[in-house]
Amino acid sequence: MFCYQCQEAAKGTGCTIKGVCGKSDTTSNMQDLLLFVLKGISWYKENSAHEIELEGLDRFFSQGLFATITNANFDQDYFERQITQALEYRRAAASIAGDSISSDKPDAAVWQPASSAEYEIKAATVGVLATENEDVRSLRELTVYGLKGMAAYNEHADNLGYEDKEVTTFMYKALAATLDDTLSADELVALVLETGKFGVSVMALLDKANTESYGNPEISEVSIEADTNPGILISGHDLKDLEELLEQTQGTGVDVYTHGEMLPAHYYPKFKKYENLKANYGNAWWKQNTEFESFNGPVLFTTNCIVPPKDSYKERIYTTGASGFPGCTHIPERVGGNPKDFSQIIEHAKRCAAPVTIEKGSIVGGFAHDQVFKLAGPVVEAVKSGAIKQFFVMAGCDGRMKSRSYYEDFANEIPKDTVILTAGCAKYRYNKLPLGDIGGIPRVLDAGQCNDSYSLALIAMKLKEVFELEDINELPISYNIAWYEQKAVIVLLALLYLGVKNIHLGPTLPAFLSPNVANVLIDTFGIAGIGNVEDDIKLFMGA
Ligand code: FSO
Ligand code: SF4
């Protein structure tokens, strides 16, 4: 195996024996092989003179990309089944294309195993390192990782019945382009930036899907304390799964608790109506090994981030959607417009003890674009009067590396007349700190999940308009973003597309940026890493 797609890549270069995330060598290779066949399908979509529209392909394609995201799916059998199905889709695509394709076909479009026994042999040869030139490899992978993040957001929108055909069309085009050996470095850089453009589109689509389905997030106080009923802990990002689980648990005596990235569900008016949506339990994804023990009840993963479960609670772990873990129960897809069947996990919860309270108090959030626009008056006044000197966008992810304590220290040490705008699980480093408020405006404004970074971009654009500025970069906003996996990559590319400059990315720069590609990002966009808290604060504050 060779994988360097996340921030925790071994030795800062890549995992080669086993993933730091827990992904096995063979599962990693199978993910590469699935991606390889998906590239083959994309190639037919792009090169055929006949239009290729296959029933269920768009969703299959998005889910395939999504399942290869860090910490989403560890189930090798799942990947083998997906590869078999992808080969069937590719055969159907090739048959529609017929002889309308005259150009030489790449291996991804023609490789044909005699049986699934050949998967493992091929899988070991089609990964990241199959591209020899490190700069081409870097630009291709930057595109692929952006597409994986895009696929995740696309699937959440799709689950709510929202689709943007331009986004899916771009996904095929871009994935097919990663097979094209004739593209120059400049053309590949342009492809990366175009990926950012569609990153904005997909986040706008998901924002529309979420807000039209569940209302606009509003300022909310969310309990972090456990109650006395048994509970189900729901993790990940998929709001449709949450809605159906809440419906099915009503009146059963089982409460639902959110975990990690599901916390922002409490900010939506529609979810507030469910009395059985009890509280948020625990912290960022990487602490689940201890927090799931004390939760006592079953845990439902709707997406990443899964930490390989300990035997002590493994039988309580359920997965659904693109997520999966071998030996854990997987709740199947919706069929014929019917909701998923959560009866098994609900029955399981009834047999469990209530969660142990591990924290006391509450957290405040719900500062997505609509809510912040409503507060625009006081916020603008506070900026004009100098009560707020600066904003820090600290969106992104948390992770287990010790060096991430930087973000807690940074939040603690920035001047008291500054405000943090956050989204994603990065917030758990500082959303329980007593950072106070500025004239009633909390110093940490949480917009929601990582995809709600889109809200932060809208807020920045609104402030630019209010202050009549030419350039978004003239605002008193600094970007100090923590990244972990590929959704953060699409958020980053989207911000670059929107013209945001001088983003600091940490705790380390991606291993998949070759020195030359890193230099392009540094020279063109002012991307930088992080240093120590004191020096960085001076730098950001222009001191
Ligand atoms: Fe975090 Fe995991 Fe939301 Fe990611 S829980 S790390 S960027 O999946 O998607 O922020
Ligand atoms: Fe390593 Fe990250 Fe890849 Fe897992 S996802 S194998 S930790 S680089």
Side-chain angles (χ1 to χ4, degrees), residues 1-32 35 66-74 127-129 141 144-146 148-153 155-156 199 203 206 234-239 258-265 280 282-288 301-308 321-323 394-401 404 407 422-429 431 446-454 481-494 505 508 510-512:
M1 71 176 282
F2 180 81
C3 181
Y4 65 173
Q5 65 177 355
C6 85
Q7 190 273 326
E8 294 187 357
K11 301 194 182 89
T13 53
C15 300
T16 54
I17 300 164
K18 187 180 190 236
V20 172
C21 57
K23 185 166 70 173
S24 74
D25 170 63
T26 44
T27 303
S28 182
N29 288 349
M30 286 300 163
Q31 293 186 353
D32 290 343
L35 207 52
F66 188 1
T68 66
I69 274 187
T70 302
N71 282 343
N73 199 315
F74 295 79
V128 171
L129 298 178
E141 294 308 316
V144 170
Y145 303 153
K148 290 185 180 193
M150 194 182 294
Y153 295 156
E155 181 168 313
H156 297 312
M203 283 194 270
L206 182 52
I234 179 167
S235 190
H237 304 69
D238 197 275
L239 297 183
T258 55
H259 172 256
E261 276 283 72
M262 205 53 94
L263 157 67
N280 190 70
N283 291 278
W285 63 271
W286 58 277
K287 291 192 172 167
Q288 58 192 258
F301 276 101
T302 65
T303 68
N304 55 337
C305 283
I306 303 175
V307 175
S323 70
M394 293 176 73
C397 329
D398 199 7
R400 45 199 146 194
M401 270 192 174
R404 285 185 188 258
Y407 294 102
T422 191
C425 61
K427 66 167 86 61
Y428 283 101
R429 288 279 169 178
N431 67 348
D446 176 25
Q449 298 181 339
C450 44
N451 45 292
D452 294 309
S453 299
Y454 173 72
I481 288 182
W483 81 287
Y484 172 57
E485 45 92 336
Q486 300 77 51
K487 285 180 236 178
V489 175
I490 195 61
V491 170
L492 174 72
L493 296 181
L505 202 59
T508 54
F512 53 81

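Sequence positions, counted from 1, serve as the residue numbers for this chain. The basis for the numbers below is simple: all heavy atoms, side chains too, and nothing from hydrogens, waters or symmetry mates. Ligands are counted one by one from 1 in listed order, and the atoms in each one are counted from 1 as well.
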- Glu485 touching ligand 1 at heavy-atom level, < 4.0 angstrom: yes

- Would you mind checking which non-hydrogen protein atom is closest to atom 1 (Fe) of ligand 1, with the distance to 0.1 Å? Cys425 SG, 2.4 Å

- Message: Closer than 4.0 Å to some heavy atom of Ala9 - which atoms of ligand 2 meet that?
- Response: 8 (S)

- Task: Indicate yes or no: at least one non-hydrogen side-chain atom of Phe66 is less than 4.5 angstrom from one of Asn304.
- Result: yes

- Message: Need the ligand 1 atom indices (1-based, order shown) with element for anything under 4.0 Å from a heavy-atom of Cys450.
- Response: 3 (Fe), 9 (O), 10 (O)

- Asn431 side chain reached by Leu263 side chain, heavy atoms, under 4.5 Å: yes

- Message: Under 4.0 Å from a heavy atom of Thr70: which atoms of ligand 2 are those, numbered in the order shown and with their elements?
- Response: 5 (S)

- Does a side-chain heavy-atom distance below 4.5 Å link Cys6 with Lys23? no

- Cys21 heavy atoms within 4.0 Å reach ligand 2 at atoms 4 (Fe), 5 (S), 6 (S), 7 (S)

- Message: If you define the side chain from C-beta out and look only at heavy atoms, does anything of Leu505 sit under 4.5 Å from Leu492?
- Response: yes

- Evaluate the side-chain proximity of Met150 to Gln486: yes if any heavy-atom separation is below 4.5 Å, no if none is. no

- For atom 10 (O) of ligand 1, what is the nearest protein heavy atom, given as residue, atom name and distance? Glu261 OE2, 3.1 Å

- Item | Residue and atom name of the nearest protein heavy atom (relative to atom 7 (S) of ligand 1), distance in Å to one decimal | Cys397 SG, 3.0 Å

- Query: With a cut-off of 4.0 Å, which atoms of ligand 2 are near a heavy atom of Lys23?
  - Reply: 6 (S)

- Under 4.0 Å from a heavy atom of His237: give me the atoms of ligand 1 that qualify, with their elements. 3 (Fe), 8 (O), 9 (O)

- Task: Would you mind checking which non-hydrogen protein atom is closest to atom 8 (S) of ligand 2, with the distance to 0.1 Å?
- Result: Cys3 O, 3.3 Å

- Task: List the closest protein heavy-atom neighbour of atom 2 (Fe) of ligand 1: residue, atom name, distance to the nearest 0.1 Å.
- Result: Cys305 SG, 2.2 Å

- Query: Under 4.0 Å from any heavy atom of Asn304, which atoms of ligand 1 are there?
  - Reply: 8 (O)

- Protein heavy-atom partner closest to atom 6 (S) of ligand 2 - residue, atom, separation in Å: Gly19 CA, 3.4 Å

- Min over Cys15, Ala511, Ala10 of heavy-atom distance to atom 1 (Fe) of ligand 2 lands on Cys15

- Spacing of Ile306 atom CD1 and Phe301 atom CZ [to the nearest 0.5 Å]: 5.0 Å

- Query: So, do Val144 and Leu35 sit near enough that their side-chain heavy atoms are less than 4.5 Å apart?
  - Reply: yes

- Under 30°, 30 to 60°, or over 60°: which ring-plane class applies to Tyr4 and Phe512, parallel, tilted or perpendicular? perpendicular

- Item | Close side-chain approach of Asp32 to Met1, heavy-atom, < 4.5 Å | no

- Message: Tell me whether Met1 reaches ligand 2 (any heavy atom closer than 4.0 angstrom to a ligand atom).
- Response: yes

- Step-by-step side-chain contact (heavy atoms from CB on, under 4.5 Å) determination, Tyr145 to Thr70: CA-CA 10 Å; Tyr145 303 153; Thr70 302; over 6 Å; no

- Closest approach of any protein heavy atom to atom 2 (Fe) of ligand 2, naming residue and atom: Cys6 SG, 2.3 Å

- Does the separation of the ring centres of Trp286 and Tyr484 fall below 6.0 angstrom? no

